Asks: 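One structure follows; several queries about it will come next.
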Amino acid sequence: MKVCVLTLFPELFTPFWDHGIIRRAVQSGRLDPRTVNIRDHAEGRHKITDDRPYGGGCGMVMKPEPLAAALAEAKRRMPGATTLLLSPQGRPFDQSLAEDLAGTEEALIFVCGRYEGVDERFIDSHADVELSIGDFVLTGGELGAMVVIDAVTRLIPGVLGNEDSAGSDTFSDGLIEYAHYTRPPAFEKEAVPQVLLSGNHQAIDRWRHESALIRTVLKRPDLLEQRGLSNEEQETLRKWRRILDGLLE
């Protein structure tokens, strides 16, 4: 996958490309990243990329001309790329959308706004999708772009060492992930669940699914409202409720 980030601070992405899973994806050729400095496409001696908003108010607004010129350069390098604008007003980004982007897109352009926002005319004419990583405001879109790129990249076939890893991640089947344990077998008087030491893979798979289900009920019950429960999962919850009721008697 090719990705290009339009930003006023391209140097922020150098360490991002150079570490962890992203670095492995770049080295293997599965991710082809680049940046375009928006300021390089501003006119005049001072290369101004922002100006006061019409109508008054606090802050500055990113001018449309440098953004449009930077985007044109990115599209010359990556014809047919989808343009994503990071914005708190955008579509909420989630695992389902990450899977869609990883499975259907070959080239993505990320536009990182700054200041109070981006001139609406640029958004209307050039942004294919506005994306939000949450209901909060950041100083710029760079961190949001990194979040989206990270989530999408790990879903590209061959990027993760274990091809089953992405399939068992939190949110991949509408549940948060099951509890994880590693050595030592006992820590602060708490032992690893015995089933994980049994070598019985069928029992381990069953325990992991039950763990994911119970953890979702306790930590993110809102996910189950969207997902629903199978008959087997409903029976699992009834069983655990009977166990809990017995302990409380």
Side-chain angles (χ1 to χ4, degrees), residues 20-22 25 84 86 88-105 129-138 143-144 146-249:
I21 293 295
I22 299 297
L84 308 175
L86 280 302
Q89 294 84 235
R91 172 183 173 181
F93 181 70
D94 57 17
Q95 187 69 15
S96 175
L97 182 51
E99 292 170 358
D100 288 345
L101 293 174
T104 62
E105 299 293 338
V129 181
E130 290 184 75
L131 281 185
S132 169
I133 63 167
D135 294 337
F136 48 85
V137 179
L138 299 172
L143 292 178
M146 291 180 192
V147 167
V148 176
I149 293 168
D150 187 282
V152 171
T153 298
R154 65 193 316 280
L155 296 173
I156 298 172
V159 168
L160 296 181
N162 183 347
E163 290 302 323
D164 294 330
S165 294
S168 62
D169 281 341
T170 291
F171 308 126
S172 61
D173 64 349
L175 302 175
I176 63 175
E177 201 168 1
Y178 52 79
H180 294 278
Y181 297 87
T182 187
R183 294 176 177 80
F187 172 70
E188 296 182 348
K189 299 182 179 180
E190 184 176 354
V192 173
Q194 191 61 38
V195 65
L196 298 179
L197 308 176
S198 68
N200 184 333
H201 295 292
Q202 185 174 4
I204 291 171
D205 287 343
R206 183 166 56 250
W207 179 90
R208 284 176 168 169
H209 185 73
E210 290 187 4
S211 172
L213 181 62
I214 298 303
R215 283 158 60 86
T216 304
V217 170
L218 295 176
K219 298 184 178 187
R220 288 293 306 274
D222 57 296
L223 295 176
L224 296 178
E225 297 176 7
Q226 307 169 31
R227 176 184 182 274
L229 295 168
S230 68
N231 291 335
E232 181 181 353
E233 290 169 338
Q234 293 179 42
E235 180 55 37
T236 296
L237 293 181
R238 285 192 287 268
K239 180 189 76 173
W240 280 94
R241 181 166 185 174
R242 289 193 296 269
I243 293 173
L244 181 59
D245 289 344
L247 292 174
L248 295 177
E249 287 178 354

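Just so it is clear, the values below take in all heavy atoms, side chains as well, and ignore hydrogens, waters and symmetry mates. The structure displayed is predicted, hence computed values, not measured ones.
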Asks: Which residue pairs pass the side-chain hydrogen bond (donor to acceptor under 3.5 Å, both in side chains) test when at least one of the two sits in residues 213-222, sequence neighbours left out?
Replies: R220-D222
Asks: Is there side-chain contact between L155 and L160, with heavy atoms separated by less than 4.5 Å?
Replies: no
Asks: Please name the pair of heavy atoms, one in G90 and one in S132, separated by the smallest distance, quoted to 0.1 Å.
Replies: O-CB, 3.6 Å
Asks: Going from CD1 on I133 to CZ on F93, what distance comes out if it is rounded to the nearest 0.5 angstrom?
Replies: 9.5 Å
Asks: Walk me through whether I214 and Y178 qualify under side-chain contact (heavy atoms from CB on, under 4.5 Å).
Replies: CA-CA 9 Å; I214 298 303; Y178 52 79; over 6 Å; no
Asks: Among all residues two or more places apart in sequence or in another chain, which pass the side-chain hydrogen bond (donor to acceptor under 3.5 Å, both in side chains) test with Q89?
Replies: S87
Asks: For residues 180-194, pull every pair meeting side-chain hydrogen bond (donor to acceptor under 3.5 Å, both in side chains), keeping only residues two or more places apart or in separate chains.
Replies: E177-H180
Asks: Working to the nearest 0.5 Å, report the span between CD1 of I149 and CG of L101.
Replies: 11.0 Å
Asks: Between G199 and I204, what is the shortest heavy-atom contact and its length?
Replies: N-CD1, 4.4 Å
Asks: Is there side-chain contact between L223 and L175, with at least one heavy-atom pair below 4.5 Å?
Replies: no
Asks: How about H209 and E232: does a side-chain donor come under 3.5 Å of a side-chain acceptor?
Replies: no
Asks: Enter the distance from L218:CG to L213:CG here, rounded to the nearest 0.5 Å.
Replies: 9.5 Å
Asks: What I want to find out is whether E235 reaches R242 closely enough, with some N-O distance under 4.0 Å, to be called a salt bridge.
Replies: yes
Asks: Could you check whether any side-chain heavy atom of R227 comes within less than 4.5 Å of a side-chain heavy atom of E233, counting everything from C-beta outward?
Replies: yes
Asks: Distance check, rounded to the nearest 0.5 Å: L196 atom CG versus S211 atom OG?
Replies: 8.5 Å
Asks: Sequence neighbours excluded, which residues qualify as salt bridge (charged side-chain N to carboxylate O under 4.0 Å, His left out) partners of E210?
Replies: K239
Asks: Which heavy atom of F136 sits nearest a heavy atom of P88, and at what distance?
Replies: O-CB, 4.1 Å
Asks: D150 and I22: which non-hydrogen atoms are nearest, and at how many Å?
Replies: CA-CD1, 4.0 Å
Asks: Are any of the side-chain heavy atoms of P193 and W207 separated by less than 4.5 Å?
Replies: yes
Asks: Got a sec, which residues hit side-chain hydrogen bond (donor to acceptor under 3.5 Å, both in side chains) with R206, two or more places apart in sequence or on another chain?
Replies: none
Asks: Would you say the side chain of V147 lies within less than 4.5 Å of the side chain of L86, judging by non-hydrogen atoms?
Replies: no
Asks: Do other residues, nucleotides or ligands put more than 12 heavy atoms under 6.0 Å from the CG atom of D245?
Replies: yes
Asks: For a 4.5 angstrom cut-off between non-hydrogen side-chain atoms, does N200 reach V195?
Replies: no
Asks: For H201, give me all partners under ring pair (Phe, Tyr, Trp, His ring centres under 6.0 Å), at least two apart in sequence or on another chain.
Replies: none
Asks: Nearest 0.5 Å, please: how far is CD in E99 from CG in D94?
Replies: 8.5 Å
Asks: Testing the basics here: between T153 and A25, what is the closest heavy-atom pair and its distance to 0.1 Å?
Replies: CG2-CB, 3.6 Å
Asks: Does V148 reach the side chain of L97, with side-chain heavy atoms less than 4.5 Å apart?
Replies: no
